[in-house]
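Okay, so here's the structure we're looking at.
Heavy-atom basis, side chains included; hydrogens, waters and symmetry copies ignored. Not measured: the values here are computed from a predicted model. Along the sequence shown, residues carry numbers from 1.
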Amino acid sequence: MDGFAKYLVRRFFQFFLVIFLGVSLAFLITNLSPVDPVEQSVSLMTSFGATDPRSVELMRSALEELYGLQGTMLDQYLSFWGRVLRGDFGPSLSAFPTPVMSLIMGALPWTIGLLTLALIITWSLGNLLGALAGYYRSNVLLKLSGAAVMALHPVPAYIIGLVLLLAFGFIWPVLPISGGAQMNLQPGFTFDYIRSLILHGTLPALTLVLVGIGSWFISMRSLVSNIVTDDHVVYAELGGVNSSKIFSQYVARNALLPQLTGLALSLGNVFGGAVITEFLFNYPGVGRLLIQGIYRGDYSLVLGVTTMSIISVAVAVFIIDLLYPLIDPRVRLG
């Protein structure tokens, strides 16, 4: 087995291990929650009047089977994995009898679109500014840009989101502050609907960009500052090679390799920021769905969203891992 094949085997093993541990932990945490979805459903259904005790017991038994809560915790755990493999998390308590999977599939495209756009802009802009600031260290404009970016870095996502919401929703109301698109528009590839999607997604995406750009800027500037002192860069400068060629071919290209690894490691944090951002702007994504499920004690919805989020992030990291050898051929020798 050659080096690249071994690399693939290791990545496949890590991929399945991450999913197994993450989903198992999500089940354990949700199962230990003080909220009992069965008793909550029974209380909700019997709150409108007296109910025969036998009917209540039959209802409780049916709900336990419906939510996969029959038997011991081990039985529930095995039943849960069977549901995961079938893609069936049961019905949602808060939107009964709508299946959890239907709610997730309706919200997932919104989150994927928002995260993809925000991540591409954040990673590209942060690395570009960081590389330029690390190479052209005397440029005043880059110094000011770096100071602004680093000032935003420690600010929480909900603070930046609130500032943007107040600034562009109330003080200067030029952008919508709630929803994913205009409600009276029919979804489709029309100019009006796409324009509405862009307008409604601007503030959530801008929040994620402003939150995440600082870390990429700082790490890239640090990498470039170290690379510019390497012998091959100094030799190229002494040899009269054009500075733009040195920057693109010798400096930025080498500094991007560890940043690609950092991109995979940052996906979980980006999703965490998206949860708060989607709830703040009432954006119809998975993050808002998760917080609504927590507030309403919707056991199946919380478990379903958490599981699908873990799997989605693991798949994205796995894809980046597979693409990494195409950029850095040295990985094949590992």
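- The structure places CG of L17 at 14.5 Å from CZ of R10, a figure rounded to the nearest 0.5 Å.
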- Before giving the answer on side-chain contact (heavy atoms from CB on, under 4.5 Å), spell out for F168 and T202 the whole-Å C-alpha distance, their side-chain angles and the decisive distance to 0.1 Å. CA-CA 10 Å; F168 297 103; T202 298; over 6 Å; no
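- Taking CG of L203 as the start and CZ of F281 as the end, the distance is 5.0 Å to the nearest 0.5 Å.
- If you chain together hydrophobic residues whose side chains sit under 4.5 Å apart, L303 and L74 fall into the same group.
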- Task: Verify side-chain contact (heavy atoms from CB on, under 4.5 Å) between V84 and T307, making sure each step is shown before the conclusion.
- Result: CA-CA 8 Å; V84 171; T307 301; 4.1 Å; yes
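- Residues G130 and M220 approach most closely at C-CG, 3.9 Å, considering heavy atoms.
- Nearest heavy atom pair, residue L114 against residue G201, reads CD1-O, 4.2 Å.
- Tracing side-chain contacts under 4.5 Å through hydrophobic residues (I, L, V, M, F, W, Y), one never reaches V224 starting from L144; they form parts of separate clusters.
- L103 has its side chain within reach of L289: a pair of non-hydrogen atoms, C-beta onward, lies under 4.5 Å apart.
- Side-chain contact check for I218 versus M150: some heavy-atom pair is nearer than 4.5 Å.
- Contact annotation: the side chain of L280 approaches that of L162 to within less than 4.5 Å [non-hydrogen atoms, C-beta and beyond].
- Rounding to the nearest 0.5 Å gives a distance of 4.5 Å between CG of N282 and CZ of R288.
- Interatomic distance, CZ of F318 versus CD1 of I19, reported as 9.5 Å (0.5 Å rounding).
- Contact check for T116 versus I112: side-chain heavy atoms found under the 4.5 Å cut-off.
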- Under the side-chain contact (heavy atoms from CB on, under 4.5 Å) criterion, do V155 and I159 qualify, and how do the steps go? CA-CA 7 Å; V155 182; I159 297 295; 3.7 Å; yes
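- Atom CZ of F12 sits in a sparse spot, with 12 or fewer heavy atoms from other residues, nucleotides or ligands closer than 6.0 Å.
- Side-chain N or O atoms of S219 include one that pairs as donor or acceptor with a backbone N or O of W216 at under 3.5 Å.
- Heavy-atom minimum distance, E278 versus G287: OE1-N, 2.6 Å.
- Atom CG in L21 sits 11.5 Å away from atom CD in Q14 (nearest 0.5 Å).
- Here the closest heavy-atom approach between residue A118 and residue V209 is recorded as O-CG2, 3.9 Å.
- By the side chain to side chain contact (heavy atoms under 4.5 Å, CB included) test, L25 pairs with I29, sequence neighbours left out.
- Scanning all heavy atoms of the two residues, the minimum distance from V286 to T111 falls at N-OG1, 2.7 Å.
- Side-chain contact between W81 and S24: present, with at least one pair of heavy atoms (C-beta onward) separated by less than 4.5 Å.
- Both I276 and L206 sit in one connected hydrophobic cluster of ILVMFWY residues. Membership requires side-chain heavy atoms under 4.5 Å apart, directly or through other members.
- Using a 4.5 Å heavy-atom threshold, the side chains of S222 and S225 count as separate.
- By the side chain to side chain contact (heavy atoms under 4.5 Å, CB included) test, T306 pairs with A26, L290, V302, I310, sequence neighbours left out.
- Side-chain heavy atoms closer than 4.5 Å link hydrophobic residues (I, L, V, M, F, W, Y) into clusters, and following such links, even through other members, never connects W123 to I120.
- Heavy-atom contacts from other residues, nucleotides or ligands closer than 6.0 Å to OH of Y158 number 12 or fewer.
- Transitive grouping of hydrophobic side chains (ILVMFWY, heavy atoms separated by less than 4.5 Å) brings L199 and L164 into a common cluster.
- Heavy atoms only, all atoms of each residue included: V100 and G304 are closest at CG1-CA, 4.2 Å.
- The CG atom of L132 sits 10.5 Å away from atom CG of N127, with the distance rounded to the nearest 0.5 Å.
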- Query: Should L197 and W110 be marked as a side-chain contact (heavy atoms from CB on, under 4.5 Å) after you check the CA-CA gap, both sets of side-chain angles, and the distance that decides it?
  - Reply: CA-CA 10 Å; L197 285 178; W110 295 95; 3.4 Å; yes
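- Ring pair F80/F27 is parallel by interplanar angle, where below 30° counts as parallel and above 60° as perpendicular.
- Under the 4.5 Å side-chain criterion, counting only non-hydrogen atoms from C-beta, M308 is in contact with M105.
- Residues L208 and I121 fail the side-chain proximity criterion, which asks for heavy atoms closer than 4.5 Å.
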